[in-house]
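What follows is one structure encoded as structure tokens, with my remarks underneath.
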Amino acid sequence: MNQTASQQGSSLQQSRPAGAQADFLAPVFAQYPLEVAAAEGVWLTSATGRRVLDLYGGHAVAALGYGHRGWTQALTEQARTCQFQTNAVAMQVRARAAARLVRFAGLGLSTVFLVSSGAEANENALKLAFRASGRSHVAALEWSFHGRTAAAGAVTWGAAQKWYGFPRAPFDVSFMPRGELAAIAEHITERTAAVIVEPVQGLGGAFPLGAAYLEALRRRCDATGALLIFDEVQCGVGRTGYPFAANMYGVTPDMITTAKALGNGFPCAALLMSARVAATLKLDLLGTTYGGGPLACAAILAVIDAIESEELLARVRRVSAYLCERCIVGPITAHQGAGLLLGLRTTRPAKQIQAELLARGILTGTSSDPHVVRILAPYILEEQHVDLLREALAALPA
Ligand SMILES: Cc1ncc(COP(=O)(O)O)c(C=O)c1O
């Protein structure tokens, strides 16, 4: 039986979950009541011409804000010069991006595997840990998020109950209560290949694990031969006001995975590894089509250039301190996190506060903690923008 296009459209719309957008995109994302048409600096312009202050940066991606001149020029020039070649062909821009990232991190993790997403970086990190150790167990943390693929999803807390979908996890996983020193020895043993941890948990509510806990993980990994993986997909590349949270806490893992801010919106990710891990590599062990593509590498170089030349690490630390001092007001009772990965603890459900802030022209995020509003602002945020947040919060019912 023939249907008209509008009949087809309406039957499709009827099958969509509440809150999903009514179009031909997979209905898997709940969407904010905001359609973005353009953006500049820290400001979004909606399709109806409304200006919205973006304190969420597209889930921590838009680190340099929007329309950054150096980043835009770097991508435009690279697109003109040569937009793509595989890793089977040498390119200087790729070699420069890897060297720059290693120097920026300054942690002695001097081999880089470039990939395209955070989950892909974690998938590869776990695979290397299994090979290097010959073991099959991973210890992860409660409240963690590491991605949607088979291995990354397996080490994500609560995924099995909510959305995992694969018939079984590909290896043994145990979840440790976050920050609990007493639980470490029971979970990390001689059969553990890797411990994977976000030093500052993102989706878990901008929750900082702290130096003492991360040092204890490092010591236990050394004692048992497990590899320590820092998932800095969200908290890395300047987000905490340091190159990586590893620098902030003074704890060096065996591998760091990172993405999001790394490309400022051009999809790219990286796995940085120690000499011990790199020694297990051989030809054809890992692979990727888009990882390390020239546009991604130009984006990485432009992001690190901007962070260094515009002194954005110092700015992130300064504006973060200002925000923490000024924004305990209205329904906000406390703050947690680091740099511009901040959790504001709320008296009422965070989703309510988020909606009320958006109605006042400020975009923020929530987290899996129902009482935390999450801030993931661009690093170019200024004190005057924080004042707007304070004003809006102060006007909300406590
Ligand atoms: C800490 C962390 N790890 C991994 C991922 C997965 O990254 P991607 O969505 O690029 O696969 C995310 C995404 O939000 C993340 O926050």
Side-chain angles (χ1 to χ4, degrees), residues 26 28-30 56-63 113-127 129 138 140-159 162-166 173 175 178 194-209 214 228-240 244-246 248-249 253 255-272 288-293 296 299-300 303 336-343 364-369 372 374-377:
V28 292
F29 296 100
Y56 197 54
H59 286 317
V61 170
F113 181 53
L114 294 165
V115 288
S116 304
S117 72
E120 190 187 2
N122 285 334
E123 206 81 9
N124 281 288
L126 291 165
K127 171 169 154 176
V138 176
L141 262 67
E142 292 180 357
W143 298 90
S144 64
F145 183 85
H146 298 294
R148 299 274 180 166
T149 51
V155 292
T156 289
W157 188 64
K162 288 188 206 137
W163 50 256
Y164 188 63
F166 299 97
V173 185
F175 290 95
R178 61 181 180 187
V195 176
I196 184 162
V197 54
E198 303 157 77
V200 183
Q201 290 186 327
L203 188 64
F207 185 89
L209 265 309
L214 295 169
L228 183 59
I229 302 169
F230 278 4
D231 176 343
E232 299 219 25
V233 167
Q234 188 164 143
C235 67
V237 196
R239 173 72 42 202
T240 60
F244 287 91
M248 177 175 73
Y249 286 129
M255 288 182 262
I256 288 183
T257 56
T258 195
K260 292 190 185 278
L262 184 64
N264 188 45
F266 194 92
C268 57
L271 162 55
L272 286 80
T288 173
T289 296
Y290 292 118
I300 293 172
V303 165
Q336 60 194 37
L340 288 174
L341 168 47
L342 289 175
T364 55
T366 55
S367 73
S368 45
D369 183 327
V372 168
R374 195 162 32 138
I375 303 290
L376 288 164

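All values derive from a computational prediction rather than experimental measurement. Whatever order the structure lists ligands and atoms in, that order sets their numbers, starting from 1.
Listed by chain and residue number, E120 satisfy the side chain to side chain donor-acceptor pair (under 3.5 Å) test with T288 (two or more places apart in sequence, or in another chain). The side chain to side chain donor-acceptor pair (under 3.5 Å) check on Y56 picks up H59, R374, with sequence neighbours excluded.
Contact residues of ligand 1 (protein heavy atom closer than 4.0 angstrom to a ligand atom; sorted by chain and number): S117, G118, A119, N122, F145, H146, G147, E198, D231, V233, Q234, K260.
In Y290, the OH atom is not crowded: 12 or fewer heavy atoms of neighbouring residues, nucleotides or ligands sit closer than 6.0 Å.
In summary, the side chains of R239 and Q234 do not present any donor paired with an acceptor at a separation below 3.5 Å, with no hydrogens or angles considered.
Residue pairs meeting the side-chain hydrogen bond (donor to acceptor under 3.5 Å, both in side chains) criterion with at least one partner in residues 255-270, sequence neighbours excluded, are N122-T257.
Of the possible donor and acceptor atoms, one in the side chain of E198 sits under 3.5 Å from a partner among the backbone N and O of F145.
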